Amino acid sequence: MRNWLIKSEPSDYSLADLQADKVAIWDGVRNYQARNFLREMEVGDRLFYYHSNTKPPGIVGLATVTKANVVDPTQFDAEHKYFDPKSTPEKPRWQTVEIAYDKTLAEMITLTQLKEAFSPDDFAVVRRGNRLSVMPVADDIATQLLEMGGV
DNA sequence: GCCAACGTTGGC
DNA sequence: GCCAACGTTGGC
């Protein structure tokens with residue numbers, strides 16, 4: 001079981017939205033590095049759910065991978081914001097995963113706290129200018145995050 | 001709202 | 001293949 005961090009703008013799709021939906025396809029990722037991480041995910045992997053572009057940004061809860069290697073359906077929909085004209089059902093460019101809500105932290109772990117606890121070398125999310133929306137989380141960092149989040 | 005970071009596009 | 005222009009992300 002591996003640990004990952006996934007980012008979402010809460011105005012777009014928040015952890016509360018996932019809680020309401022219970023399960024969701026993590027669609028819309030159009031960055032190759034992020035997609036490559038999505039391809040590596042396996043059922044049962046733990047996801048730290050991070051709210052970006054909000055005040056304050058930080059980790060708000062946990063989710064779980066429920067289906068691996070899901071073809072992102074939005075890439076074929078010409079009406080959709082995430083339509084990719086260069087992708088075909090025979091040769092899809094964008095894979096993702098299905099995720100399920102797990103839990104909401106009693107208190108979020110803010111980016112400020114993350115910066116205090118971890119170095120940019122160890123945890124990409126605290127790196128200045130970091131824009132990656134899906135990234136791996138090392139086991140020891142995951143353990144500390146669970147502690148910090150009171151899980 | 002500003003702007004740094006950085007990925008992508010497209011001309012050459 | 002280089003690189004300038006452009007668009008997006010996301011913290012502040």
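Order of the sequence lines fixes the chain letters, A, B, ..., with proteins taken first and strands second; residue numbering starts at 1 for each chain. These numbers come from a predicted model, not from an experiment.
Rounded to an integer number of Å, the gap from CZ of A:Arg127 to C1' of C:dC12 is 20 Å. In this entry the distance linking CG of A:Asp84 with C1' of B:dT8 reads 12 Å, nearest Å. Whole-Å rounding puts the A:Trp94 CH2 to B:dG7 P distance at 13 Å. As rounded to whole Å, 7 Å separates atom P of C:dT9 from atom NZ of A:Lys81. Note: CG (A:Asn130) to P (B:dA5) measures 13 Å, nearest angstrom. Here the P atom of nucleotide B:dG1 and the CG atom of A:Asn53 are 13 Å apart, to the nearest Å. Protein atom CD of A:Glu9 is 8 Å distant from nucleotide atom C1' of C:dT9, rounded to whole Å. Counting to the nearest Å, the C1' atom of B:dT8 and the CD atom of A:Gln33 are 14 Å from each other.
Separating the CZ atom in A:Phe83 from the CD atom in A:Gln75 is a distance of 9.5 Å, to the nearest 0.5 Å.
Within the 3.5 Å criterion, the main-chain N or O of A:Val23 finds no donor-acceptor partner in the side chain of A:Asp21.
Taking the six-membered ring where the residue is Trp, the centroids of A:Phe76 and A:Trp94 are separated by 6.0 Å or more.
Counting only heavy atoms from C-beta on, A:Ser133 has its side chain closest to C:dG10 among B:dT9, B:dA5, C:dG10. The nucleotide whose nearest atom lies closest to any side-chain atom of A:Arg131 is, among C:dC12, B:dC6, C:dG10, B:dC6. The side chain of A:Leu111 lies closest to C:dG11, out of C:dG11, B:dT9, B:dG7. Across B:dA4, B:dT8, C:dG10, the shortest atom-to-atom separation from the side chain of A:Tyr32 is found for B:dT8. Taking only side-chain atoms of A:Asn31, from C-beta outward, the nucleotide of B:dG7, B:dT9, C:dG11 with the closest atom is B:dG7.
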Which is it for A:Arg30 and A:Asp72 under the salt bridge (charged side-chain N to carboxylate O under 4.0 Å, His left out) test, yes or no, and what are the steps along the way? CA-CA 10 Å; A:Arg30 294 294 180 270; A:Asp72 184 339; 3.0 Å; yes

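Side-chain N/O atoms of A:Lys115 include one lying less than 4.0 angstrom from OP1 or OP2 on C:dC12. Using a 4.0 Å cut-off, some side-chain N or O of A:Lys7 falls inside it from OP1 or OP2 of C:dG10.
The closest side-chain donor-acceptor pair between A:Glu9 and A:Asn53 falls under 3.5 angstrom.
Across all strands, A:Lys55 comes closer than 4.0 Å to no nucleic acid atom at all (heavy-atom distances).
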